[in-house]
Protein chains: 2
Amino acid sequence: KATSTSKMTENGVFSRDKVLTIDTMNPTVKNVEYAVRGPIVQRAMQIEKELREGVKKPFTEVIKANIGDAHAMGQQPITFFRQVLALCSYPELLNENMFPEDAKNRARRILQACGGGSVGAYSASQGIDCVRQDVARYIERRDGGVPCDPDNVYLTTGASDGIVTMLKLLVCGEGASRTGVMISIPQYPLYSAALAELGAVQINYYLNEEKCWSMDLSELESSLAEARKHCNPKALCIINPGNPTGQVQSRQCIEDVIRFAAKERLFLMADEVYQDNVYAEGCQFHSFKKVLFELGPEYSDNVELASFHSTSKCYMGECGFRGGYMEVINMDAEVQAQLSKLVSVRLCPPVPGQALMDLVVNSPQPGEPSHITFMKERTATLSLLAEKAKLTEQILNTVPGITCNPVQGAMYSFPNISLPEKSIKEAKAPDMFYCMKLLEETGICLVPGSGFGQKDGTYHFRMTILPPTDKLKILLAKVKEFHQKFTQQYS
Amino acid sequence: KATSTSKMTENGVFSRDKVLTIDTMNPTVKNVEYAVRGPIVQRAMQIEKELREGVKKPFTEVIKANIGDAHAMGQQPITFFRQVLALCSYPELLNENMFPEDAKNRARRILQACGGGSVGAYSASQGIDCVRQDVARYIERRDGGVPCDPDNVYLTTGASDGIVTMLKLLVCGEGASRTGVMISIPQYPLYSAALAELGAVQINYYLNEEKCWSMDLSELESSLAEARKHCNPKALCIINPGNPTGQVQSRQCIEDVIRFAAKERLFLMADEVYQDNVYAEGCQFHSFKKVLFELGPEYSDNVELASFHSTSKCYMGECGFRGGYMEVINMDAEVQAQLSKLVSVRLCPPVPGQALMDLVVNSPQPGEPSHITFMKERTATLSLLAEKAKLTEQILNTVPGITCNPVQGAMYSFPNISLPEKSIKEAKAPDMFYCMKLLEETGICLVPGSGFGQKDGTYHFRMTILPPTDKLKILLAKVKEFHQKFTQQYS
């Protein structure tokens with residue numbers, strides 16, 4: 001416990017105890033964990049620094065496959081997007097002949113919607129009107145005409161911002177009436193971090209690794225029944241396509257989940273930021289909203305749903321702009337007014353990110369001058385990702401002791417790794433031990449499965465499929481070699 | 001209370017109660033208020049829409065003086081900043097001859113610091129290294145050489161983000177041990193909103209309107225003593241130059257506040273986003289950090305301080321980019337590690353905003369090709385603001401029943417308005433009633449003083465000095481006329 005005593009230091013100066021110490025600070029913040037940027041990644045950054053300083057290592061560079069940061073791994077931005085962003089930043093360029101007309105038109109339209117014609121003005125807190133309209137039309141096209149009201153669209157500072165905002169609205173109560181939120185295990189650790197910070201109960205439901213990380217109705221049911229004994233479950237979160245697990249849920253599975261949520265009175269949160277990252281043959285992205293409306297008014301008039309999208313993933317990979325949106329469906333009008341008030345406190349999402357979101361949902365159309373280049377760039381990026389998804393799965397499955405589900409979508413593989421008994425006994429967190437050793441010996445930076453959650457007694461790592469093909473091959477070869485050596489060493 | 005009954009609607013469809021209702025939602029969110037974008041502003045937007053639709057009004061346009069949104073009011077962006085941002089967005093432009101070399105050099109330096117050379121990559125969660133280094137050097141220059149460690153600098157999504165993050169670390173406890181945070185009244189309502197959301201105790205201390213909104217040591221002391229009876233006061237927030245009150249605190253006053261914080265063991269939060277907006281002769285901006293270090297090691301080695309800055313105000317006015325930084329001083333090392341972990345969950349602040357922050361702290365220097373234009377633009381903007389600050393004060397003080405302190409800095413005037421007895425009796429919130437009537441009759445959009453807090457029985461409004469001079473004159477003339485009419489009507 002903190003005391004208020006002062007003491008004399010060596011220099012004869014009084015030193016007092018801090019006001020803010022690890023003992024006096026907000027304890028919920030201490031419970032927050034975020035493995036994607038955790039100790040392994042911090043050590044990787046140190047090693048990079050050591051390499052720059054000339055320290056000798058068994059490798060010459062760190063290959064980072066810990067985070068879905070496409071541009072950092074060499075993915076090129078879409079030319080059209082960047083042209084419009086340059087025009088919005090410095091509208092003098094509208095007078096130059098170097099940009100195609102469709103880029104200029106998009107920039108003019110965005111600037112006209114900005115206060116004083118400047119992306120430096122605050123926008124409405126919910127986001128620029130015309131961007132929200134474009135988002136609504138995009139959703140309608142995506143969902144085969146299911147209507148979307150722009151008033152239900154909120155632009156956000158990346159998808160994370162929208163997810164945390166929704167959880168903030170949902171979470172309350174103490175003791176047995178504390179709000180519980182169901183999240184998949186493995187999960188993306190933003191969810192566990194946000195729930196810890198908000199003091200909510202995290203209700204785990206396990207994805208079925210044997211069935212390619214699909215969702216299991218019986219698992220949802222038993223997990224919910226158990227949770228009801230000690231908290232008040234109010235929401236169910238789904239990430240589809242999956243992070244860290246790379247699966248694409250079937251239409252049937254989504255239907256089951258919606259029926260479950262309706263029956264059990266759960267608010268649905270659908271994290272659909274990888275909706276354009278689908279690679280496997282026979283797989284298709286089905287939005288929760290579309291399936292909801294296909295189930296008829298008993299569901300579409302009732303089930304509450306928030307869906308999230310982002311500029312950071314898919315073929316765009318524009319993480320740095322922190323653009324995103326959420327759509328809320330069947331939200332109580334009074335609650336929605338509270339949501340609008342809540343987002344107004346933070347003034348507005350970054351306007352360049354809003355502009356980028358607009359370009360994603362309103363990309364060059366056939367006949368427009370940028371259309372061919374845009375399609376070429378988009379297809380090239382997505383084809384390359386599909387190729388790397390396949391390559392990753394294939395090579396990992398050649399390693400004895402590693403089993404890898406198909407990377408059907410998103411940007412990650414989450415293979416199961418058999419660890420030798422001795423390593424499990426020696427290390428407190430065997431997969432952390434494994435990943436740290438991998439990093440020190442090969443320079444490869446992955447995230448241990450424990451950072452995402454996994455069934456007791458199983459071990460995994462998450463790796464992105466983002467490194468350039470040549471580096472990805474090196475990475476996979478090194479993982480293979482390392483895993484065999486590690487297994488021998490600890491057997 | 002929510003029940004789980006379903007009922008049949010007219011269409012024969014089951015309609016169930018919502019999961020998330022005003023009764024089941026997070027009650028702390030309901031307590032949040034943010035007047036700067038409250039009911040008056042919503043009505044102003046409606047009126048603008050009505051005007052566009054041809055509805056006849058006693059005026060032809062809404063003049064908004066409710067929010068510090070400089071570009072929306074016609075302030076021009078700094079050319080150099082926007083050139084560099086365009087270059088960063090679309091690096092192909094580096095090959096063109098249309099940009100000055102210093103703009104290109106800044107863009108190259110920023111891009112080199114970005115993953116994959118793209119502002120579309122995530123940055124380090126604390127912010128891009130070289131930007132934090134530039135911020136540190138800027139702070140050292142500003143504070144006459146007081147050292148600044150870039151490791152203590154965190155880039156943020158606007159200043160609001162930094163302030164909320166610091167409050168998150170500080171706030172905890174229940175009942176009588178709940179964290180209390182001292183804020184000035186009048187205040188900027190981000191503070192009250194954040195404290196409400198976090199469930200902290202808001203401890204008001206009143207600024208001295210008679211002495212040009214200065215801080216009063218005896219007021220701080222009595223407010224703290226009273227608060228100690230029912231909560232655990234841990235922090236003291238100061239906004240200097242002041243929002244909504246436009247004062248610039250004297251060096252003596254800052255010294256007094258620091259000694260008070262040291263004696264009473266309070267964590268200091270200095271909101272210094274208006275540090276370049278100082279107009280009045282004899283007034284000067286003194287950073288809390290500089291004064292802290294001038295008081296000697298007994299203070300500079302001990303008092304915990306977080307200071308906030310932003311790209312949104314000053315001569316930049318780039319609100320839409322959501323750029324900012326905070327510097328933490330004397331923060332406990334373990335707590336700082338928790339802070340770094342906490343910010344990592346949200347990945348990173350928007351990279352274009354980080355780039356802009358870099359340009360603000362590393363602007364064109366004498367001898368560089370853009371220096372002359374930059375200085376001309378900067379000076380023009382600040383001179384115009386100084387002129388409008390004076391104009392606002394002078395004209396308002398000619399109105400019987402309006403008393404206006406000098407607008408020494410920032411971008412706001414917060415005049416005291418005498419309201420006739422009858423209007424006070426008739427209206428629940430007399431200044432809200434006044435501002436709404438002003439809006440309906442003249443199209444002028446101000447924020448009532450109650451949105452910022454004021455002494456009981458006094459009434460104010462906040463108006464920005466941002467409208468262009470001709471519109472500002474119209475605005476002030478209309479306020480004068482309205483106030484006289486209103487006074488007659490309700491006398």
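Chain identifiers are assigned alphabetically (A, B, ...) following the order of the sequence lines, protein sequences preceding nucleic acid strands; residue numbering begins at 1 within each chain.
With a 4.5 Å cut-off on non-hydrogen atoms, A:V303 touches chain B through its backbone and its side chain both. Neither the backbone nor the side chain of B:L339 comes within contact range of chain A, judged by heavy atoms closer than 4.5 Å. Contacts between B:N232 and chain A at a heavy-atom distance below 4.5 Å are absent for every atom of the residue. Of the atoms belonging to B:S344, heavy atoms from both backbone and side chain fall under 4.5 Å from chain A. With a 4.5 angstrom heavy-atom cutoff, A:A261 touches chain B only via backbone atoms. B:Y191 does not touch chain A: none of its heavy atoms, backbone or side chain, sits under 4.5 Å away. Heavy atoms of B:S312 lying under 4.5 Å from chain A belong exclusively to its side chain. At a 4.5 Å heavy-atom cutoff, B:Q42 makes no contact with chain A through either its backbone or its side chain. Residue B:C114 does not touch chain A at all, counting heavy-atom pairs closer than 4.5 Å. Contacts of A:Y299 with chain B are absent, with no heavy-atom separation under 4.5 Å from either backbone or side chain. Using a 4.5 Å cut-off between heavy atoms, B:T179 does not touch chain A at all. For chain A, the nearby part of B:P349 is the backbone; its heavy atoms alone come within less than 4.5 Å.
Rounded to the nearest 0.5 Å, atoms CD1 (B:I22) and CD (A:Q336) are 12.0 Å apart. Taken from CE in B:M98 to CG in A:N95, the straight-line distance is 9.0 Å, to the nearest 0.5 Å. Remark: A:S160 OG to B:L347 CG distance equals 5.0 Å, nearest 0.5 Å. Rounded to the nearest 0.5 angstrom, A:F99 CZ and B:E92 CD are separated by 9.5 Å. Within the model, atoms CG of A:D332 and CG of B:D17 stand 10.0 Å from one another, a figure rounded to the nearest 0.5 Å.
Looking at B:L87, B:L85, B:L356 one by one, the single match for side chain to side chain contact (heavy atoms under 4.5 Å, CB included) with A:S89 turns out to be B:L85.
In plain terms, the two heavy atoms of B:F321 and A:P350 that are nearest each other are O-CB, 4.3 Å. Heavy-atom minimum distance, A:E304 versus B:V19: OE2-N, 2.5 Å.
The shortest side-chain heavy-atom distance between A:N26 and B:Q338 does not fall under the 4.5 Å cut-off. Using a 4.5 Å cut-off on side-chain heavy atoms (C-beta onward), A:L93 and B:R82 make no contact. Contact annotation: the side chain of B:R346 never approaches that of A:T157 to less than 4.5 Å [non-hydrogen atoms, C-beta and beyond]. Inter-residue side-chain proximity for B:Q76 and A:S118 is flagged as unmet; no heavy-atom pair is nearer than 4.5 Å. Using a 4.5 Å heavy-atom threshold, the side chains of A:T79 and B:Y90 count as touching. Side-chain contact check for A:V335 versus B:K18: every heavy-atom pair is 4.5 Å or farther apart.
With A:R322 contributing its side chain and B:C348 its backbone, the two residues share a donor-acceptor pair below 3.5 Å. Under the 3.5 Å distance criterion, the side-chain polar atoms of A:K234 are matched with a main-chain donor or acceptor of B:T24. Under the 3.5 Å distance criterion, the side-chain polar atoms of A:K341 are matched with a main-chain donor or acceptor of B:K30.
Per-residue counts of heavy-atom pairs under 4.5 Å with chain A were compared for B:G353, B:G115, B:A235; the largest is that of B:G115. Highest contact tally toward chain B, considering only A:V29, A:D69, A:L266, is held by A:D69 [criterion: heavy-atom pairs under 4.5 Å]. When A:A262, A:A124, A:G158, A:A337 are compared by the number of non-hydrogen pairs under 4.5 Å with chain B, A:A262 comes out ahead. Taking chain A as the reference chain and counting heavy-atom pairs below 4.5 Å, the highest number among B:E33, B:M316, B:E96 is found for B:E96. In terms of non-hydrogen atom pairs under 4.5 Å with chain A, the most contact-rich of B:L198, B:L190, B:V41, B:V164 is B:V164.
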* Could you please spell out the steps behind the side chain to side chain contact (heavy atoms under 4.5 Å, CB included) verdict for B:L20 and A:M331? => CA-CA 7 Å; B:L20 185 57; A:M331 182 177 263; 4.3 Å; yes
Sequence neighbours excluded and cut-off under 3.5 Å, please list the side-chain donor-acceptor pairs for residues 165-174 of chain A, or say none.
unit_1	atom_1	unit_2	atom_2	d
A:T165	OG1	A:D161	O	2.8
A:K168	NZ	B:E197	OE2	2.8

